[in-house]
Amino acid sequence: MASKDKKNRLPARLPRGFIDREAGDIRATEEMLAAIKRVYERYGFEPVETPFFEYTEALGKFLPDQDRPNEGVFSLQDDDEAWLSLRYDLTAPLARYVAENYDRLPKPYRSYRAGWVFRNEKPGPGRFRQFMQFDADTVGAPSVAADAEICMMAADVMEALGVARGDYVIKVNNRKVLDGVMEAIGLGGEENAGRRLTVLRAIDKLDRLGVEGVRELLGEGREDESGDFTKGAGLSKEGAEAVLSLFDLIGSNERSGTSNAPVIEKLKASTFAETAVYAEGVGELAEIASLVEAAGYATDRIEIDPSIVRGLEYYTGPVFEAQLTFEVPNEKGEKVVFGSVGGGGRYDGLVGRFRGEDVPSTGFSIGVSRLAAALKNLGKLGSENETGPVVVTVMDKSRLADYQAITTELRVGLNADLAPSERPVPVEMYLGGSGMKAQLKYADRRNAPCAIIAGSDEFDSGRLQVKDLLEGKRQASAIASHEEYKEERPGQFDVARTNLVEEVKALLKRQRGEA
RNA sequence: GCGAACGUAGCUCAGUUGGUUAGAGCGUCGGAUUGUGGCUCCGAAGGUCGGUGGUUCGAAUCCACCCGUUCGUACCA
């Protein structure tokens with residue numbers, strides 16, 4: 001019921017952090033998902049789907065790093081008082097799924113899935129409370145060959161989406177290397193868990209704050225522009241410099257060509273190598289490097305970078321991050337590097353939470369919306385101007401049956417011998433209540449290739465008017481007066497009723513430049 | 001979460017020290033053109049001035065709180 005009372009009218013508004021998606025967006029995303037899927041299928045991964053809701057405890061809220069355990073997730077209580085939460089990533093639900101179906105799944109279990117995830121956080125530009133991820137995981141594979149494969153697959157995905165080699169890079173690090181470094185500077189043990197987190201967070205900010213900012217955060221702390229003070233990790237000068245020495249290794253590869261060997265050598269030569277977990281981590285990185293190199297993936301695609309941190313909750317070994325390296329202008333016209341569009345790593349303990357033993361697993365997650373925004377920027381996505389429907393206009397409402405017959409004839413005829421992969425030609429009869437002028441305006445706005453026009457003259461003569469809207473637009477720009485415009489009827493021609501389908505087919509072909 | 005700025009029509013924005021009926025451009029709809037998308041001209045619709053309360057004879061304008069947006073920062077599985 002329409003509300004005349006303006007004061008009490010229901011406001012039509014979206015909850016903050018959520019967006020409506022429109023045709024162009026949806027089509028572009030579907031295209032993208034299909035391309036990613038093809039890559040994963042090529043590697044032998046199979047699809048699986050889990051629901052939006054999981055039991056809250058299954059999502060892993062009791063894992064470390066729960067400064068604010070009740071924030072960030074949408075939760076509600078079920079009839080039986082059990083807490084349910086909307087999933088905030090696709091990894092924890094996969095771990096639940098694998099644990100629940102462990103005995104009947106082939107191991108290693110290789111699967112991919114795309115889906116919406118939800119985070120109850122402050123939204124910002126390009127940052128929403130509902131967004132899509134596309135994951136691929138290998139569960140039950142202890143070998144770093146699985147990690148190497150995930151990295152290569154991530155690189156393949158970027159190229160399948162049209163990102164040129166050199167415009168992206170898959171960065172690889174190992175959590176064990178960072179753990180080893182922290183152990184070496186005296187941050188080992190349970191009592192230092194909090195400071196270790198602070199150190200990892202500091203390292204993670206290299207991109208944004210630079211070496212100086214990280215140095216402050218490793219020491220006493222840092223004051224930002226607004227005067228806010230962030231407490232640091234409180235490391236000694238030597239400890240901080242030791243951590244920062246990792247950054248010196250970045251770029252070792254570029255200087256030497258295409259192999260990750262130089263950075264591996266430097267990692268091995270470091271004094272940290274005396275720490276067992278560090279040495280183990282470097283060993284794994286060396287193996288990954290040699291595996292991807294043997295497969296032909298050089299540092300222009302997969303690069304070892306000791307400054308990569310990624311998620312703090314559950315990664316136990318190698319971690320990956322897909323970065324776009326080209327610059328794009330932001331709203332202010334400044335050039336900025338697009339940055340991370342996906343990440344992942346090894347999470348040996350996640351499935352084990354549901355079972356007695358750890359199940360070694362590794363995976364990768366693509367931020368679909370973010371990557372879509374990047375691709376749009378590259379011009380690799382967003383064929384916005386899709387051809388719209390052929391519009392059959394209605395001039396004489398008493399002859400609706402005739403217009404309907406024409407519409408159906410075109411709809412069937414134009415789509416008769418399409419291959420299954422070809423986009424159908426949409427055909428519609430104008431269903432609004434307005435006159436001819438508005439109908440053609442409608443066709444124009446729908447980006448229609450042509451409109452069919454018929455009144456009593458046409459029905460009597462057995463010939464219909466076909467108006468080529470693209471050709472008409474072209475001709476119209478050369479016509480100044482409205483009288484002449486009316487007289488010319490640019491782009492318009494008449495065809496025999498019996499030849500309608502063939503004539504429209506020919507017109508569409510001409511427009512595609514095939515005739 | 002903390003700090004700051006901003007919020008006027010669908011969009012981009014004017015709006016004087018607090019003073020009559022809040023404006024423009026673009027867009028939308030209609031007419032000139034009863035059967036033809038453009039151009040041009042004419043006209044119309046469209047506003048809880050983000051919300052609520054307060055100060056005042058009088059508030060888009062001043063004050064408080066709230067909501068939203070943006071920026072910085074923290075967190076980010």
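Chain naming here is simple, since letters A, B, ... match the order of the sequence lines and numbering starts at 1 in each. Fair warning: this is a prediction, and the values are worked out from it, not measured in the lab.
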Problem - Whole-Å distance separating the CD1 atom of I19(A) from the P atom of G68(B) - result: 18 Å

Handout entry: For atom NZ of K231(A) and atom P of U73(B), their distance in whole Å
Key = 20 Å

Completion exercise
Taken to the nearest whole Å, CD/E223(A) to P/U73(B) is 13 Å

Problem - Sidechain N-carboxylate O distance under 4.0 Å for K205(A), E216(A) - result: no

Completion exercise
Of the candidates G37(B), A77(B), U73(B), the side chain of R222(A) sits closest to U73(B)

Exercise for the section: Could you please name the option among C67(B), A77(B), U36(B) that lies closest to any side-chain atom of R119(A)? Expected result: A77(B)

Practice task
Please state whether the phosphate of U36(B), meaning OP1 or OP2, lies under 4.0 angstrom from any side-chain nitrogen or oxygen of K473(A).
Solution key: no

Practice task
Identify whether any heavy atom of D457(A) sits under 4.0 Å from a base atom; if not, whether one sits that close to sugar-phosphate; answer base, sugar-phosphate or nothing.
Solution key: base

Exercise for the section: Measure the distance from OH on Y403(A) to P on G35(B) and round it to the nearest whole Å. Expected result: 12 Å

Practice task
Report yes or no: is the ring centroid of Y314(A) under 5.5 Å from the six-membered base ring centroid of A77(B), with the two planes under 30 degrees?
Solution key: no

Exercise for the section: Flag the pair Y442(A) / Y430(A) as yes when their ring centroid distance falls below 6.0 Å, and as no otherwise. Expected result: yes

Exercise for the section: Walk me through it: do R346(A) and E284(A) pass the test salt bridge (charged side-chain N to carboxylate O under 4.0 Å, His left out)? Expected result: CA-CA 12 Å; R346(A) 176 159 286 273; E284(A) 290 176 2; over 6 Å; no

Completion exercise
Taken to the nearest whole Å, CG/L217(A) to P/A74(B) is 7 Å

Problem - Contacts of R423(A) that satisfy side-chain hydrogen bond (donor to acceptor under 3.5 Å, both in side chains) - sequence neighbours left out - result: E386(A)

Problem - Distance, C1' atom - from G7(B) to U48(B), rounded to whole angstrom - result: 15 Å

Exercise for the section: Would you classify R16(A) as touching base, sugar-phosphate or nothing, given that sugar-phosphate means primed atoms plus P, OP1 and OP2, and contacts are heavy atoms under 4.0 Å? Expected result: sugar-phosphate

Handout entry: R310(A) to F320(A) six-membered ring, cation-pi geometry met (6.0 Å, 45°)
Key = no

Fill in the blank from the handout: Value for CE (M182(A)) from CZ (R195(A)), rounded to nearest 0.5 Å, stands at 11.5 Å

Handout entry: Strand RNA chain B in bracket notation, Watson-Crick/G-U under 3.5 Å with | for pairs to another chain
Key = (((((((..((((.....[...)))).(((((.......))))).....(((((..]....))))))))))))....

Problem - Contact pattern, 5' to 3', of nucleotides 25-34 of chain B - B, S or - by protein heavy atom under 4.0 Å - result: ---SS---BS

Exercise for the section: Select base, sugar-phosphate, or nothing to describe what R446(A) touches, counting heavy atoms under 4.0 Å on all strands. Expected result: nothing

Handout entry: Distance, P atom - from C11(B) to G51(B), rounded to whole angstrom
Key = 15 Å

Exercise for the section: May I ask you to decide whether E121(A) forms a salt bridge with R127(A), counting only side-chain N to carboxylate O separations under 4.0 Å? Expected result: yes

Practice task
Quote, to the nearest angstrom, the C1' distance that separates U28(B) from G68(B).
Solution key: 26 Å

Practice task
Using the aromatic ring of Y485(A) (for Trp, its six-membered ring), decide whether it stacks on the base of G38(B) within the limits of 5.5 Å and 30°.
Solution key: yes

Practice task
Rounded to the nearest angstrom, tell me the gap between atom CG in L440(A) and atom P in U36(B).
Solution key: 9 Å

Problem - Separation between the C1' atoms of C39(B) and G23(B), rounded to whole Å - result: 28 Å

Which pairs of donor and acceptor atoms, one on a side chain in residues 448-460 of chain A, lie under 3.5 Å apart (sequence neighbours left out)?
residue: E458(A); atom: OE1; partner: G455(A); partner atom: N; Å: 2.8

Problem - Donor-acceptor contact present, side-chain T56(A) to main-chain W83(A), <3.5 Å - result: yes

Handout entry: Residues R110(A) and E149(A) bridged, charged N to O under 4.0 Å
Key = yes

Exercise for the section: Nearest whole angstrom, please: distance from the C1' of G51(B) to the CZ of R13(A). Expected result: 10 Å

Practice task
With heavy atoms under 4.0 Å as the rule, sort T230(A) into base, sugar-phosphate or nothing.
Solution key: sugar-phosphate

Exercise for the section: Please test F18(A) against F128(A) for ring-ring contact (aromatic ring centres under 6.0 Å, His included), starting from the C-alpha separation and ending with a verdict. Expected result: CA-CA 6 Å; F18(A) 293 90; F128(A) 305 100; 9.0 Å; no

Handout entry: Closest to side chain of E121(A), choosing from U73(B), G35(B), A77(B)
Key = A77(B)

Exercise for the section: Take atom OH of Y55(A) as the centre, draw a 6.0 Å sphere, and report whether it contains more than 12 heavy atoms from other residues, nucleotides or ligands. Expected result: no

Exercise for the section: Could you give the distance separating G31(B) and C63(B) at their C1' atoms, to the nearest angstrom? Expected result: 49 Å

Exercise for the section: State whether the number of non-hydrogen atoms from other residues, nucleotides or ligands found under 6.0 Å of E487(A) atom CD is greater than 12. Expected result: no

Exercise for the section: Starting from P on C67(B), measure out to NZ on K122(A) and report it in whole angstrom. Expected result: 14 Å

Practice task
Could you check whether A480(A) gets within reach of a base, just the sugar-phosphate, or nothing at all, counting any heavy atom under 4.0 Å?
Solution key: base

Measure all distances between protein nitrogen or oxygen atoms and nitrogen or oxygen atoms of nucleotides 5-13 of chain B, and list the pairs falling under 3.5 Å.
none

Practice task
Tell me what E458(A) touches on the nucleic acid: a base, only sugar-phosphate, or nothing, going by heavy atoms under 4.0 Å.
Solution key: base

Exercise for the section: Report the residues that fulfil side-chain hydrogen bond (donor to acceptor under 3.5 Å, both in side chains) with Y315(A), sequence neighbours left out, ordered by chain and then residue number. Expected result: none

